[in-house]
Amino acid sequence: MAQTPSFTAIIESAAKIPGVHIDREEFLRKNLGKLCTQTQLQKAIDSGTLHSDIPISTLDSLANVVINGETVKVTAISAATGLPGGIAMAATIPADLAQFYGFVLRTSQELAYIYGWGEIFDKSSELDTATESQLILFIGVMSGVGAANKVVTKLFGETAMRAVAKKVAAQALTKTWYYPIVKKIAAMLGQKMVKATFAKGVSKAVPILGGAISGGLTFATFKPMSFRLQKHL
């Protein structure tokens, strides 16, 4: 029986999928440009949305649109890959998980940018230790891990409010006091991932209904996760 990859391995694989990295400025221009003035948009790009005089109701509405849009995409793909003989017949369950978490990474970045955070990936688009740790914390919040909520609040709460440079937050993340917490959160998420792997495996084993079950499981998981992060941010 093949061993399920670690949670960090899944995240690293997901981060390599085309379209997972969200360019902050491009995203804000495309999605906020039609909802605010050019002055507000430029302030959002330069200093974060919380310093742009854009009403929070506007940001919340955009977040809802993003969550609904990403949910439709990930559910449709999940349903297709769950179909017997479908497009992912040759794919492994870990590959399905990487795809699912690719959408999780996309959505976590988009929500972070909507609520005032700086660029998450650096210019090289490499998933370094600090970036990976930040994403794990976001996914922890999405997954209802209490420790992740506390760390995000403590380390990043003021980042959004003060538009602190990413490197400052990254330095905090790599301090020995915080990093063990991130590792424990990753381990907890790994346990949740094993359960998700089993559920996906069961759905694929059911003929005809496999696609519906797989898509339903994804819908029931992804959307609440996204709204959980939105609420926390």
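FYI, side chains are in, hydrogens and waters are out, and symmetry mates aren't considered; it's all heavy atoms of this structure.
- Leu59 has its side chain within reach of Leu32: a pair of non-hydrogen atoms, C-beta onward, lies under 4.5 Å apart.
- In this structure the side chain of Thr39 never reaches within 4.5 angstrom of the side chain of Asp53, judged on heavy atoms.
- Taken from NE2 in His21 to NZ in Lys16, the straight-line distance is 10.0 Å, to the nearest 0.5 Å.
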*Apply side-chain contact (heavy atoms from CB on, under 4.5 Å) to the pair Arg29 and Gln42, showing each step before the final yes or no.*
CA-CA 9 Å; Arg29 286 191 183 282; Gln42 196 57 50; 3.3 Å; yes
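- To the nearest 0.5 Å, atom OG of residue Ser57 and atom CG of residue Leu35 are 10.5 Å apart.
- Note that OG of Ser133 and CD1 of Ile185 are 9.5 Å apart. Values are rounded to the nearest 0.5 Å.
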*Run the numbers on Asn64 and Phe227 for side-chain contact (heavy atoms from CB on, under 4.5 Å), then give the verdict.*
CA-CA 8 Å; Asn64 290 334; Phe227 278 121; 3.3 Å; yes
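- Closest non-hydrogen pair, Ile120 versus Tyr113, comes out as N-OH, 3.0 Å.
- Across all non-hydrogen atoms, the minimal contact from Ile22 to Glu119 is O-OE2, 3.4 Å.
- The shortest side-chain heavy-atom distance between Met225 and Leu229 does not fall under the 4.5 Å cut-off.
- When hydrophobic clusters are built by joining Ile, Leu, Val, Met, Phe, Trp and Tyr residues whose side-chain heavy atoms come closer than 4.5 Å, directly or via intermediates, Ile56 is grouped together with Leu111.
- Taking both residues in full, the closest heavy atoms of Ser226 and Thr107 are given as OG-CG2, 3.7 Å, listed atom of the first, atom of the second, then distance.
- For the pair Leu135 and Phe121, the minimum side-chain heavy-atom distance is below 4.5 Å.
- Residues Arg106 and Glu110 are paired through a salt bridge, judged by an N-O separation under 4.0 Å between the basic side chain and the carboxylate.
- Here His232 contributes atom NE2 and Asn149 contributes atom CG; the two are 4.5 Å apart, rounded to the nearest 0.5 Å.
- In this structure, Thr8 and Ile136 have side chains that are in contact, with non-hydrogen atoms separated by less than 4.5 Å.
- Here the side chains of Tyr115 and Asp60 are in contact, with some heavy-atom distance below 4.5 Å.
- By the 4.5 Å heavy-atom criterion applied to side chains, Asn68 and Lys223 are counted as neighbours.
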*Where do Ile139 and Ser108 land on the side-chain contact (heavy atoms from CB on, under 4.5 Å) test, with the steps shown first?*
CA-CA 8 Å; Ile139 297 172; Ser108 65; 5.5 Å; no
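- Residue Ala14 comes nearest to Gly102 through the heavy atom pair CB-N, 3.6 Å, listed as atom of the first residue, atom of the second, then distance.
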*Kindly indicate, with the supporting measurements, whether the criterion salt bridge (charged side-chain N to carboxylate O under 4.0 Å, His left out) is fulfilled by Glu26 and Lys30.*
CA-CA 6 Å; Glu26 180 181 340; Lys30 179 180 178 180; over 6 Å; no
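- In terms of heavy-atom proximity, Leu41 sits nearest to Leu28 at CD1-O, 3.5 Å.
- Listed for the Gln109 side chain is a donor-acceptor partner under 3.5 Å among the backbone atoms of Leu105.
- Residues Ile10 and Phe100 are not in side-chain contact: their nearest non-hydrogen atoms beyond the backbone lie 4.5 Å or more apart.
- Residues Val20 and Ala15 come closest through the heavy atom pair CG1-CA, 4.1 Å.
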*Please step through side-chain contact (heavy atoms from CB on, under 4.5 Å) for the pair Val66 and Phe27, ending with a clear verdict.*
CA-CA 11 Å; Val66 165; Phe27 172 78; 4.1 Å; yes
